[in-house]
Q: 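My questions all concern the structure below.
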Amino acid sequence: MTDEPSILETSVSERLAAEALIVDVDGFEGPLDLLLTLSRTQKVDLRKISVLQLAEQYLAFVEKAKELRIELAADYLVMAAWLAFLKSRLLLPPDPTEEGPSGEELAAHLAFQLERLQAMRDTSARLMGRDRLGRDFFQRGITEDVTRTRRVTYTANILDLMQAYARIRTKDEFRPLSFDARESILTMEQALDRLRGLIGFAGEWTDIMSYLPDDWAGDPKRRRSATASTFAATLELAKEGKLELRQAETFAPLQMRMRGDARDG
Amino acid sequence: MAEERDDDSLFEAPPMAEQERMVEAILFASAEPVSVRELTGRMPHGSKPAEAVTHLQKRYEGRGIRVVRVGEAWAIRTAPDLGFLMQKETVETRKLSRAAIETLAIIAYHQPVTRAEIEEIRGVAVSKGTIDQLLELEWIKLGRRRMTPGRPVTFIATESFLDHFGLESARDLPGLKELRQAGLLENRPPPGADEPD
Amino acid sequence: MAEERDDDSLFEAPPMAEQERMVEAILFASAEPVSVRELTGRMPHGSKPAEAVTHLQKRYEGRGIRVVRVGEAWAIRTAPDLGFLMQKETVETRKLSRAAIETLAIIAYHQPVTRAEIEEIRGVAVSKGTIDQLLELEWIKLGRRRMTPGRPVTFIATESFLDHFGLESARDLPGLKELRQAGLLENRPPPGADEPD
């Protein structure tokens with residue numbers, strides 16, 4: 001019993017405070033926040049805090065919560081287990097064979113974390129207490145002063161962009177992002193092979209569309225691919241001097257025929 | 001604020017120079033011209049806004065902005081001879097369409113990417129207008145041609161894109177897992193609930 | 001471009017007093033801060049807006065409106081001591097949760113900072129919606145990815161953040177120097193941990 005004096009010797013007011021804390025348990029934002037609140041009862045600068053005493057305060061709090069059948073979230077219990085470990089490290093003489101950081105190092109880091117959290121709390125209060133735009137100082141009330149040119153510009157922010165991407169990708173989540181639609185693509189090599197075989201028959205000007213493979217002329221997707229690759233293939237053959245191409249006007253049908261010298265010879 | 005009125009300064013108006021400052025701030029921040037009556041209502045008791053506004057008007061003579069009377073009210077306006085500088089202020093901003101933002105997202109995440117690949121990922125055709133719009137906004141540009149048959153052009157995101165979206169580089173865009181952690185994958189509207197492309 | 005050399009006077013920058021007027025008009029007409037780069041783009045060739053704006057700032061000292069620096073940009077804002085006159089213009093901002101305020105402060109003081117680091121400092125997971133809310137307010141944005149395993153995304157504070165809190169730059173954050181000297185902005189890994197992340 002005497003080895004836990006700090007719990008038994010707490011005054012009535014401190015016990016009341018502890019109970020008030022328990023009622024408030026939902027108000028804490030995690031174990032570190034709870035530790036910071038508990039540390040205030042020591043009424044010293046955070047740099048001079050007794051981590052041992054703080055560990056005991058925390059463990060007493062968790063004990064009390066158990067008595068009152070208040071369920072604490074797992075991370076509070078994880079912290080309790082860690083503090084119990086820390087406490088034993090701090091109380092027992094250091095074991096030179098033991099690996100890892102010493103109790104003092106761990107305690108110092110905890111004190112650092114508390115001090116850092118407190119510092120961020122203080123600065124956030126200072127920040128929010130500053131003169132603020134729209135509350136203490138103001139921007140120009142009318143922005144459109146001179147109406148001269150009207151230019152439409154489009155805008156989007158990073159959230160829109162990420163949401164759009166997420167929307168597309170979750171829709172596709174179970175579909176691999178590979179090109180599985182190969183069966184509706186006629187490659188240029190295929191078209192070239194085909195045309196080389198047929199070119200000898202093109203003595204007269206003929207619409208190149210008539211050279212599409214039969215089974216590629218129906219389905220629009222296949223037709224589009226076949227048209228593109230066939231056209232590319234005719235360009236390739238024209239470059240090789242095997243055929244001539246002509247078009248009466250923009251968007252008119254493209255016609256091809258065997259080159260004259262090839263025809264004659 | 002209320003405590004300031006407790007002593008005998010209660011009925012003493014602030015000095016004219018101070019009143020002038022007040023009129024200046026009010027006219028600046030108001031969305032509409034402000035009448036003398038409204039100024040009187042907003043300024044400390046005993047103030048003479050009509051006088052203050054005249055001083056202010058004089059002070060701004062020849063400056064880049066002027067104090068002008070608009071009917072019964074007062075406003076601050078830019079000097080008319082500087083109107084040529086203001087052309088940028090009359091820009092109308094519109095939200096980018098869903099088709100455009102999705103196309104842009106795909107280009108940003110997958111660049112360099114061809115139009116066929118964009119269509120593959122989106123699962124719908126990408127209209128020429130969409131690509132043109134993004135090109136015009138200078139958020140995308142043409143990249144190297146893909147060394148595949150037909151040598152299709154690819155699209156990549158531009159510096160202006162990074163600028164506009166406040167990114168240092170396109171690699172800084174968060175991945176799907178990070179998007180999920182940020183809760184951005186949940187507000188997904190049900191399919192078909194949105195406007196068509 | 002080459003033709004500019006043909007007639008010197010044609011492209012001579014306006015006198016500094018005139019440039020000051022121009023900067024005054026441009027800053028005045030825009031609700032958002034205007035960067036020096038944009039000023040340069042809008043003013044006649046050869047103008048020195050950075051110099052003009054400094055003159056202008058001096059001119060407005062002690063007035064009801066002030067010329068303030070916001071990061072790399074400049075803006076005109078009403079003097080904070082006159083806020084009491086502006087009830088009508090006050091914009092009701094959504095109240096930020098304590099978690100959001102602390103997260104914002106951590107990002108501002110520790111930037112660039114990863115989500116894991118924010119959680120390490122607060123000792124609790126960053127709840128869903130907190131980062132979202134700050135992004136939506138445009139007070140934070142994505143920074144460069146951290147070059148550590150997993151290449152986590154980082155967050156940094158924006159120009160709007162500076163504007164909202166009346167800060168000239170992130171270096172002017174209150175207490176920054178003291179915090180740094182006290183070592184409280186260091187990313188100190190827990191003893192015995194190999195990898196901070």
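Below, chains carry the letters A, B, ... as their sequence lines are ordered, and counting in each starts from 1.
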Q: Flag this pair as yes if the NZ/CZ of C:R188 is under 6.0 angstrom from the six-membered ring centre of A:F112 and inside a 45 degree cone about the axis; otherwise no.
A: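 Because its charged atom sits under 6.0 Å from the ring centre and within 45° of the axis, C:R188 does stack over A:F112.
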Q: What are the two closest non-hydrogen atoms of A:M162 and C:L135, and how far apart are they?
A: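 A:M162 and C:L135 have their closest heavy atoms at CE-CD1, 4.5 Å.
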Q: Check each atom of C:L176 against the heavy atoms of chain A and say whether the ones under 4.5 Å are side chain, backbone, both or neither.
A: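 When you check distances to chain A, no heavy atom of C:L176 falls under 4.5 Å.
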Q: Look up atom NE2 in C:H164 and atom CG in A:D131, then write down how far apart they are to the nearest 0.5 Å.
A: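 Nearest 0.5 Å value for the NE2-CG distance: 10.5 Å.
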Q: Specify which of C:T78, C:V124, C:I101 makes the most heavy-atom pairs with chain A at under 4.5 Å.
A: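 Top count of heavy-atom pairs under 4.5 Å with chain A: C:T78.
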Q: Heavy-atom pairs under 4.5 Å with chain A - which of C:A79, C:A108, C:G175 has more of them than the others?
A: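 That would be C:G175.
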Q: Which bit of C:I65 is near chain A, if near means a heavy-atom gap under 4.5 Å: side chain, backbone, both or neither?
A: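 Neither the backbone nor the side chain of C:I65 comes within 4.5 Å of chain A.
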Q: Among C:H110, C:E178, C:K141, which residue forms the greatest number of heavy-atom pairs with chain A at distances under 4.5 Å?
A: C:H110
Q: With a 4.0 Å cut-off on N to O distance, would you call C:R98 and A:D33 a salt bridge?
A: yes
Q: What are the two closest non-hydrogen atoms of A:P31 and C:G123, and how far apart are they?
A: CD-O, 4.1 Å
Q: Would you mind checking if C:E120 and A:R116 are paired as a salt bridge, meaning a charged N to carboxylate O distance below 4.0 Å?
A: yes
Q: Side chain to side chain contact (heavy atoms under 4.5 Å, CB included), that's the test. Do C:I121 and A:M120 meet it? Break it down for me.
A: CA-CA 9 Å; C:I121 294 170; A:M120 290 328 292; 4.1 Å; yes
Q: Which one of C:R66, C:M86, C:R77 satisfies the side chain to side chain contact (heavy atoms under 4.5 Å, CB included) criterion with A:F137?
A: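 When side chain to side chain contact (heavy atoms under 4.5 Å, CB included) is applied between A:F137 and each of C:R66, C:M86, C:R77, only C:R77 qualifies.
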Q: Under a 4.5 Å cutoff for heavy-atom pairs, which residue among A:R135, A:E115, A:Q113 has the most contacts with chain C?
A: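 Answer, by heavy-atom pair count under 4.5 Å with chain C: A:E115.
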Q: Output the distance between atom CZ (C:R122) and atom CG (A:L117), rounded to the nearest 0.5 Å.
A: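 One gets 7.5 Å once the value is rounded to the nearest 0.5 Å.
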Q: When only pairs under 4.5 Å are counted, which of A:E105, A:M79, A:Q139 shares the most heavy-atom pairs with chain C?
A: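 Looking at each option in turn, the highest pair count goes to A:Q139.
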Q: How about CZ on C:R180, more than 12 heavy atoms from neighbouring residues, nucleotides or ligands closer than 6.0 Å, or not?
A: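 Incorrect, the count does not exceed 12.
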Q: Kindly give the heavy-atom pair with the smallest separation between C:A105 and A:S124, and that separation in Å.
A: CB-CB, 3.5 Å
Q: Can you give me the closest heavy-atom contact between A:T123 and C:P174, atom names plus distance?
A: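 That would be CG2-O, 4.2 Å.
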Q: Begin from the C-alpha positions of A:D136 and C:F84 and carry the test side chain to side chain contact (heavy atoms under 4.5 Å, CB included) through to its verdict.
A: CA-CA 8 Å; A:D136 306 293; C:F84 71 96; over 6 Å; no
Q: So does C:I76 get a backbone contact from the side chain of A:R140, meaning a donor-acceptor N/O pair under 3.5 Å?
A: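 Checked: no pair found.
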Q: For A:D75, is it the side chain, the backbone, both, or neither that has a heavy atom closer than 4.5 Å to a heavy atom of chain C?
A: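 No part of it gets close to chain C.
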Q: What part of C:A99 lies closer than 4.5 angstrom to a heavy atom of chain A: side chain, backbone, both or neither?
A: both
